[in-house]
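Beneath this line is the structure, given in C-alpha cells, with notes to follow.
Whatever order the structure lists them in is the order used to number ligands and atoms, beginning at 1. Note: hydrogens, waters and symmetry copies are ignored here, and every other heavy atom, side chains too, is used. Quick caveat: nothing in here was measured; it's all calculated off a predicted structure.
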Amino acid sequence: MNVTRWGILGPGRIARTFAADIALVRDAELVAVGSRSSARARAFADEYGAESAYGSYEELVADPRVDVVYIASPHALHLEHARLAFEAGKHVLCEKPLTLSVAEAEEMMALAAEHDRFLMEAMWTACHPVILEVRRRLRSGDLGTPRQLHAELGFVVSYGPDDRLLDPALGASALLDMGVYPLTLAHLMLGEAESIVATGSLSEHDIDLDVAMAGRYPNGALATMSASMTSWSSRRAEIATDTGRIVLEDFHHPDHAFFHPYAVGSNDGAAAGATQRIVGEVPVIGRGFGHEIAEVGRCIEGGLKESPFVTHHQTLTIMRQMDDVRAQVGVTFPTTDR
Ligand SMILES: NC(=O)c1ccc[n+]([C@@H]2O[C@H](COP(=O)([O-])OP(=O)(O)OC[C@H]3O[C@@H](n4cnc5c(N)ncnc54)[C@H](OP(=O)(O)O)[C@@H]3O)[C@@H](O)[C@H]2O)c1
C-alpha cells in the first residue's frame, strides 16, 4: 500500500493527539503543518516530525506532497477550510462536528463531489475497534435485543472566554462538541432515530452548556443522552438488552466493554453466567485515532470518496439531529441558521 501523506490544518489541542497517532500507523506519514502563525507551525512540525511548516493554510494545501488534509480548526471554520483543501485538489478528513449545521454539511459534501475528492468526518468513535465489536455482537443477536441506551459525555470547561469552546462565533456548544458522541453511539447501536426531544441550559451568551436528550429508535428502543461543559460526566455508556447489559465504562476512550448476562424470567436480576469481556478485533492504536487514520488511507488507496464506517449519510443524519436539538433548546448560529 502507498503511504498516505498527511497535512494538518490548525495545529491546536486535538491536532497534537492526532499527530502522535499518525506516527503509530503504518503507511501514514505527517509531511506538513499549516498554521496562521509560521512559528506555531514550525514548533508543531518539529515536535511531530513533519518536514514542512507553513504560516498559512493556503500554503499548506498547495504543497504537492500532501495527499489529505486533516482539518482541526474550530467547527465554524470547517466549511471554509475544507473548500480551500478541495479547491487545491486535496482529500479531507474534517474534525467533528463536520460543520455547524446540516446545510453547511451538505455544501461541504457537494464541494467534495464537485472536486471528486474523499471526505470523511473525523468521527473516530465509528472506526474504534471496541465500538465496532460491540456493534457486531449486538447485531448478531447474541447480546439480546437492545431496549435502552444511556450515554453521557462532558467535562468542566475552564478555559478563558476567548477559547473556541466558549466563543459563540466559533460554534461553542456542548451539543456540538460533546453531544455528537452520545448521538453517534446511539445511532451506531440502535439505528436511525425516529425522534429526539431535548432540553438544555444556556449561558448568558446563549451557548448550550448542558443538554439532555431522549431519543426514540427503531423497534421502540430508547436512548437518554447528555452533554455538559459544566460538570464532570462519567463518560459511561450502557446498553440494556432483554438478556443483559453492555457497559462501556468510558465509551469515549474504551479499551474493552463488559456484557453482564441476566437470567431470563428472573425479576431480581440474577446473573446468567459469567460477565463477558468484549475487546476489539485489533488492539487500540494510541489514543484511538489511528483507526480513522488507517481507514482514510485505505479509502484513498481504494479510490473511495467516502468511508463505509462514517458515511456521508450517517454524518448528515447526526447533523440533522443536532439542528433539531439546537432548535429545541434555542441555540442558533447566525452564519448558517436563517
Ligand atoms: N476528535 C476528538 O476527540 C476531538 C476532541 C477535541 C476537539 N475536536 C474538534 O477539533 C476541532 C478543534 O478543536 P481543538 O480543541 O483542538 O481547538 P483548539 O485547541 O482551539 O485548536 C484549533 C486550532 O485552529 C486554528 N484556528 C484557525 N482559526 C482560528 C480561530 N479563529 N480561532 C481559534 N483557532 C483558530 C488554530 O491554529 P493556528 O492559529 O495555529 O492555525 C487553533 O490552534 C473542533 O472542531 C473540535 O470539535 C475533536
Side-chain angles (χ1 to χ4, degrees), residues 7-22 32-45 47-48 50 53-61 69-82 84-85 92-101 104-105 108 120-128 131 153-155 157-185 207 227 229 235 250-254 284 286-293 295-296 310 315 318-319 322 333 335:
I8 289 184
L9 184 157
R13 287 181 294 252
I14 203 58
R16 306 183 77 78
T17 312
F18 190 86
D21 275 9
I22 289 181
V33 179
S35 162
R36 292 173 301 171
S37 133
S38 335
R40 275 201 298 277
R42 187 73 263 164
F44 191 98
E47 186 173 347
Y48 293 100
Y54 300 109
S56 76
Y57 300 151
E58 286 78 4
E59 288 172 279
L60 171 75
V61 301
V69 175
Y70 167 61
I71 296 177
S73 53
H75 17 282
L77 306 172
H78 286 176
L79 177 57
E80 171 189 333
H81 294 152
L84 207 60
V92 167
L93 174 70
C94 180
E95 260 309 338
K96 46 51 64 177
L98 192 71
T99 52
L100 296 183
S101 67
E104 284 191 354
M108 193 190 288
M120 176 174 136
E121 182 186 37
M123 182 40 76
W124 59 294
T125 303
C127 302
H128 196 289
I131 301 292
L153 188 63
F155 59 90
V157 171
S158 47
Y159 301 115
D162 292 340
D163 191 90
R164 67 140 196 104
L165 276 157
L166 295 171
D167 184 348
L170 295 180
S173 155
L175 172 70
L176 265 59
D177 239 284
M178 295 109 170
V180 65
Y181 289 107
L183 285 170
T184 298
L185 187 77
I207 299 166
M229 294 210 284
R235 299 188 163 201
D250 178 354
F251 85 92
H252 200 42
H253 285 282
V284 177
R287 287 293 284 163
F289 286 55
H291 308 281
E292 68 176 359
I293 292 165
E295 172 60 8
V296 172
V310 190
T315 298
I318 308 292
M319 288 302 313
M322 293 198 295
F333 294 121
T335 52

If a pair satisfies side chain to side chain donor-acceptor pair (under 3.5 Å) and one of its residues is in residues 70-81, list it, with sequence neighbours excluded.
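Only Tyr70-Glu95, Ser73-His81 qualify under side chain to side chain donor-acceptor pair (under 3.5 Å).
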Under a plain distance cut-off of 3.5 Å, with no hydrogens placed, do Glu59 and Ser56 share a side-chain donor-acceptor pair?
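Side chains of Ser56 and Glu59: pair found under 3.5 Å.
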What residues form a side-chain contact (heavy atoms from CB on, under 4.5 Å) with Arg16, not counting sequence neighbours?
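With neighbours one apart ignored, the set is Phe44, Glu47, Tyr48.
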Give every residue pair that meets the salt bridge (Lys or Arg N to Asp or Glu O under 4.0 Å) criterion with at least one member in residues 172-182, sequence neighbours excluded.
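Checked against salt bridge (Lys or Arg N to Asp or Glu O under 4.0 Å) - neighbours excluded - the pairs reaching residues 172-182 are Lys96-Asp177, Arg164-Asp177.
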Should the pair Phe289 and Trp124 be assigned to parallel (<30°), tilted (30 to 60°) or perpendicular (>60°) ring geometry?
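Judged by the thresholds at 30° and 60°, the geometry between Phe289 and Trp124 is parallel.
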Using heavy atoms and a cut-off under 4.0 Å, could you grab the residues that are in contact with ligand 1, chain by chain, numbers ascending?
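Contacts of ligand 1 under 4.0 Å: Gly10, Pro11, Gly12, Arg13, Ile14, Ser35, Arg36, Arg40, Tyr57, Ala72, Ser73, Pro74, His75, Leu77, His78, Glu95, Lys96, Pro97, Trp124, Arg164, Leu170, Asp177, Tyr181, Phe289.
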Given Ile71, Val61, Leu84, Leu98, the one that forms side chain to side chain contact (heavy atoms under 4.5 Å, CB included) with Val92:
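Answer after filtering Ile71, Val61, Leu84, Leu98: Ile71.
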